[in-house]
S.K.: 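Here it is, the structure, as structure tokens.
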Amino acid sequence: MNVDIGDPLARRAIEAIDEGDLLSLDRLLREHGSLASTRFDGGEGYFTRPYLLWFVAENPVRRGSLPENICAIARAIIDAAKRADAPTLPEQLDKALEFVASGCVARQCSLQGALIDTLLDAGARPDSAMEAAAAHGECDAVERLLERGAPLTLVGAACLG
């Protein structure tokens, strides 16, 4: 899916995420703190007006891969949102967790569990992603969310058999 974001600064930050370029991303976040707390015009469907943090999930699939340092990239964005005192950080974390837990790319790259932990450690609620993960058959994500405190739901139990 092509996620057309009009803001050129946001596009540079997204490119840095996609390339795993933590140094460039960190510089952009320090110079333009609002990047971590702004909803950008663009996207569609469930990914309309995304936050920068949501791009760490690669859901919707845009490239089909994630850089190995995606957890460090997520932490950099989270830290920048905290520095900006972004009131939207809880919403950003919960939705990013939902995208990671329900998407296939993070699992295929063997990064789903680590990304789930990164987002939960930052304050995402484990129950916020349970239904989406189970509905998409992401059983490893369901198990990780249960380990981290999500209650077992009927859909979660069905996913796990």
Side-chain angles (χ1 to χ4, degrees), residues 1-5 10-11 13-22 25 35-81 86 88-161:
M1 170 186 269
N2 182 21
V3 179
D4 186 26
I5 303 297
R11 284 197 313 267
I14 294 164
E15 288 172 10
I17 292 169
D18 291 345
E19 294 168 7
D21 187 350
L22 183 57
L25 178 63
L35 278 171
S37 59
T38 299
R39 286 191 87 157
F40 302 107
D41 289 333
E44 58 186 44
Y46 68 88
F47 205 73
T48 299
R49 298 198 65 236
Y51 290 101
L52 190 61
L53 182 61
W54 294 358
F55 285 89
V56 304
E58 185 60 14
N59 178 3
V61 177
R62 297 171 303 110
R63 295 170 33 111
S65 65
L66 286 170
E68 290 181 17
N69 65 342
I70 195 66
C71 292
I73 287 170
R75 282 190 298 272
I77 297 168
I78 293 163
D79 290 346
T88 59
L89 185 56
E91 171 192 359
Q92 292 185 53
L93 288 166
D94 286 349
K95 198 63 156 177
L97 179 63
E98 181 181 327
F99 292 150
V100 168
S102 66
C104 63
V105 175
R107 175 181 38 79
Q108 291 167 345
C109 293
S110 300
L111 294 165
Q112 190 178 51
L115 259 175
I116 287 171
D117 288 343
T118 297
L119 295 166
L120 290 172
D121 291 347
R125 295 173 302 118
D127 60 317
S128 68
M130 178 61 87
E131 296 298 314
H136 286 88
E138 292 294 335
C139 298
D140 291 343
V142 168
E143 289 178 357
R144 185 62 139 262
L145 293 167
L146 288 169
E147 291 168 5
R148 294 294 306 263
L152 182 60
T153 63
L154 182 59
V155 176
C159 178
L160 298 176

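Throughout, numbering of the chain's residues begins at 1 and tracks the sequence.
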S.K.: What verdict does the salt bridge (Lys or Arg N to Asp or Glu O under 4.0 Å) test give for Glu15 and Arg11, after you've listed the backbone C-alpha separation in whole Å, the side-chain angles of each residue and the deciding distance to 0.1 Å?
M.R.: CA-CA 6 Å; Glu15 288 172 10; Arg11 284 197 313 267; 5.6 Å; no
S.K.: Under a 3.5 Å distance rule, please check whether Asp94 uses its side chain to pair with a backbone N or O of Arg125 as donor and acceptor.
M.R.: yes
S.K.: Please give me the minimum heavy-atom distance between Cys159 and Val142, naming the atom from each residue.
M.R.: SG-CG2, 4.1 Å
S.K.: Roughly how far, to the nearest 0.5 Å, is the CG atom of Asn69 from the CD1 atom of Ile17?
M.R.: 10.5 Å
S.K.: Counting C-beta onward and ignoring hydrogens, is there a side-chain heavy-atom pair between Ile14 and Arg62 closer than 4.5 Å?
M.R.: yes
S.K.: Donor-acceptor pair, distance only, cut-off 3.5 Å: does the side chain of Gln112 make one with the backbone of Val100?
M.R.: yes
S.K.: For the backbone of Thr48 and the side chain of Arg39, can you confirm whether one donor and one acceptor N or O come within less than 3.5 Å of each other?
M.R.: yes
S.K.: Is it the case that Gln92 and Thr88 place a side-chain donor and acceptor less than 3.5 Å from each other?
M.R.: yes
S.K.: Is there a donor-acceptor pair closer than 3.5 Å between any side-chain N or O of Arg107 and the backbone N or O of Asp140?
M.R.: no
S.K.: How close do Leu145 and Ala133 get, heavy atom to heavy atom, and via which atoms?
M.R.: CD1-CB, 4.2 Å
S.K.: Closest heavy-atom contact between Ala101 and Ala129?
M.R.: CB-CB, 3.9 Å
S.K.: If I compare all heavy atoms of Leu35 with all of Phe40, which pair ends up nearest, and what's the gap?
M.R.: O-CZ, 3.6 Å
S.K.: Quick one: are Glu98 and Trp54 in side-chain contact, heavy atoms under 4.5 Å?
M.R.: no
S.K.: For the residue pair Ala106 and Leu115, what are the closest heavy atoms and their distance?
M.R.: CB-CD1, 4.4 Å
S.K.: So that I know where these two stand, are Phe99 and Phe55 an aromatic pair - ring centroids less than 6.0 Å apart?
M.R.: no
S.K.: Is the shortest side-chain heavy-atom distance between Tyr46 and Asn59 below 4.5 Å?
M.R.: yes
S.K.: Measure the spacing between CG of Leu52 and OG1 of Thr38 and express it to the nearest 0.5 Å.
M.R.: 9.5 Å
S.K.: Do the side chain of Gln108 and the main chain of Ser65 share a donor and acceptor less than 3.5 angstrom apart?
M.R.: no
S.K.: Considering all heavy atoms of both residues, which atom of Ala81 and which atom of Leu89 are nearest to each other, and what is their separation?
M.R.: CB-CD1, 3.8 Å
